[in-house]
Asks: 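Below is the structure I would like to discuss, written out as structure tokens.
Read the numbers this way: they start at 1 and go in the same order the structure lists the ligands and their atoms. Just the heavy atoms: all of them, side chains too, but no hydrogens, waters or symmetry mates, feed the values below. As the structure is a prediction and not an experimental result, all values here were calculated from the model.
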Amino acid sequence: MKTNVWAVDKLVDKLESYPQIIQAADYLKNNEVIAFPTETVYGLGGNAENSDAVAKIFAAKGRPSDNPLIIHIAETSQLNDFVTEVPAKAASLMEHFWPGPLTIIFKKKEGKLSELATAGLSTVAVRMPNHPVALGLIKACGLPIAAPSANTSGKPSPTLARHVFEDLNGRIAGIVDGGPTGVGVESTVIDCTDEIPAILRPGGVTKEQIEAVIGEVSVDPALKNSEAAPKSPGMKYRHYAPDAPFYLVEGSHAFLQKLVDEKRREGRKVGVLTTAEAAGDYQADLVLACGRRGELETVATSLYETLRAFNDSEVEVIFSETFPEVGVGVAIMNRLSKAAGNQVIYEKS
Ligand code: AMP
Ligand code: MG
């Protein structure tokens, strides 16, 4: 299949009537799948009402079929078509964080969406992305759009159109290139079907921000305990992984350097994931600064690009610093732990 690439300036007014967006929207209406930028990562979108379209998303990514998709909308009125009710706390969250990186789980109205999109669950995950290209595209086709990240399943999510092209060229109908995404980690997923909402996946909106709006929320215990079954099916899979073995290192820079030296003495090429503040402290085959530790948002923005850059290099093993689990640091550490398959090396035990 030929993969079209449409370059679109996200600053153009009324993107929903822009020729390239209309062309991409026509593919969506014809149940083909299209990658597009959101403020978190690039998504791979398809008509959520049509199972042929949704099956193409799973096939292109190689995604396990028990992992449901997030439905993307551009107007809150679209919700009425496929959710049974909007609880008061969900309504407050929508008002504060939509459009934005917060996915809300609602009870599903049966018979409207493809069963494949929701993996047969009685609930549905929905978000309104805060990106003019995503919103323009959804408005132009007038459909709810099921969209996971536009990467091959298991790989780091794409934050540039080039990453999508590398993974999916020839497997999808097109890519709308709207430049780099911003937040860099996926949306926070919150289940609002119970009285006390529960965070199932940490992401671009922090627990602190959510609690400031609706009060106490719980956190799925599986996020801390890798033995427990996660409430969000996708959280059980290894994810975001670079090709080389990847270890998190909890300790001093000198300790991490010692680990690097040991591997290099064995003749291995070694990569280090650090930040701008400490990049000069390490000697390795490839030292990559992922944003600035002093501003964790910049680490989130660069995270997947950095993991992909290791793949483009010759390194055979990667050691990464850890980050404080505050604010967006919770999402960063969730993704890094998954990339590492929970392998952490501690300086002190
Ligand atoms: P992705 O599309 O890769 O960003 O992943 C979407 C995440 O939302 C996955 O972890 C899914 O398992 C989760 N998800 C989607 N729908 C539901 C749902 N109805 N209930 C719980 N988790 C969901
Ligand atoms: Mg994903």
Asks: Is N67 touching ligand 1 with its side chain, its backbone, both, or neither, if touching means heavy atoms under 4.0 Å apart?
Replies: side chain
Asks: Thinking salt bridges, do R292 and E295 make one under a 4.0 Å N-O criterion?
Replies: yes
Asks: Show which atoms of ligand 1 fall inside a sub-4.0 Å distance from at least one heavy-atom site of T123.
Replies: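 What qualifies from ligand 1 is 18 (C), 19 (N), 20 (N).
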Asks: Only one of E305, R308, R335, E186 clears side chain to side chain donor-acceptor pair (under 3.5 Å) with S157; which?
Replies: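 Exactly one candidate clears the test, E186.
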Asks: Tell me the protein heavy atom at minimum distance from atom 17 (C) of ligand 1, and give that distance in Å.
Replies: P68 CG, 3.5 Å
Asks: Under a single-linkage definition using a 4.5 Å side-chain heavy-atom cutoff for Ile, Leu, Val, Met, Phe, Trp and Tyr, are M333 and F246 assigned to the same hydrophobic cluster?
Replies: yes
Asks: Quick one: sort the W6 and Y27 rings into parallel, tilted or perpendicular, breaks at 30° and 60°.
Replies: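 Because their plane-to-plane angle lies in the 30° to 60° range, the rings of W6 and Y27 count as tilted.
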Asks: Indicate the ring-plane relationship of H72 and F36, choosing parallel, tilted or perpendicular according to the 30° and 60° boundaries.
Replies: perpendicular
Asks: T118 near ligand 1, heavy-atom distance under 4.0 Å?
Replies: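 No, that is not the case, since the closest heavy atom of the residue is not under 4.0 Å from the ligand.
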Asks: Pick whichever of R127, E186, K231, R201 has a heavy atom sitting closest to atom 5 (O) of ligand 1.
Replies: R201
Asks: Salt bridge check, D285 against R268: does any charged N sit closer than 4.0 Å to a carboxylate O?
Replies: no
Asks: Quick check on contacts: which atoms of ligand 1 are under 4.0 angstrom from a heavy atom of I105?
Replies: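 Per the distance check, 17 (C), 18 (C), 20 (N), 21 (C), 22 (N), 23 (C).
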Asks: With a cut-off of 4.0 Å, which atoms of ligand 1 are near a heavy atom of P148?
Replies: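 It comes down to these atoms of ligand 1: 2 (O).
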Asks: Taking only heavy atoms of A125 into account, list the atoms of ligand 1 that are under 4.0 Å away from them.
Replies: 15 (C), 16 (N), 17 (C)
Asks: At the 4.0 Å heavy-atom cut-off, does R63 count as touching ligand 1?
Replies: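 Right, R63 reaches ligand 1.
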Asks: Does a salt bridge link E115 with K108, judged by any charged N lying under 4.0 Å from a carboxylate O?
Replies: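 Looking at K108 together with E115, the answer is yes, because their closest N to O distance falls below 4.0 Å.
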Asks: Only heavy atoms of I70, strictly under 4.0 Å: list the atoms of ligand 1 that pass.
Replies: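 Near I70, the atoms of ligand 1 are 6 (C).
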Asks: Distance to 0.1 Å, residue and atom name: give those for the protein heavy atom nearest to atom 22 (N) of ligand 1.
Replies: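 Among all protein heavy atoms, the one nearest atom 22 (N) of ligand 1 is S232 OG, 3.3 Å.
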Asks: Is any side-chain N of the basic residue among R264 and D261 closer than 4.0 Å to the acidic one's carboxylate O?
Replies: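 Looking at R264 and D261, the cut-off is not met.
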Asks: Salt bridge check: are K89 and E195 linked by an N-O gap of less than 4.0 Å?
Replies: yes
Asks: Could you identify the single nearest non-hydrogen protein atom to atom 12 (O) of ligand 1 and state the distance to 0.1 Å?
Replies: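 Protein heavy atom at minimum distance: G234 N, 2.7 Å.
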Asks: When you measure from the Mg ion (ligand 2) to the N, O or S atoms of S149, does any of those distances fall below 2.8 Å?
Replies: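 Yes, within the cut-off.
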Asks: Should you measure from each heavy atom of L121, which atoms of ligand 1 turn up under 4.0 Å away?
Replies: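 Near L121, the atoms of ligand 1 are 18 (C), 19 (N), 20 (N).
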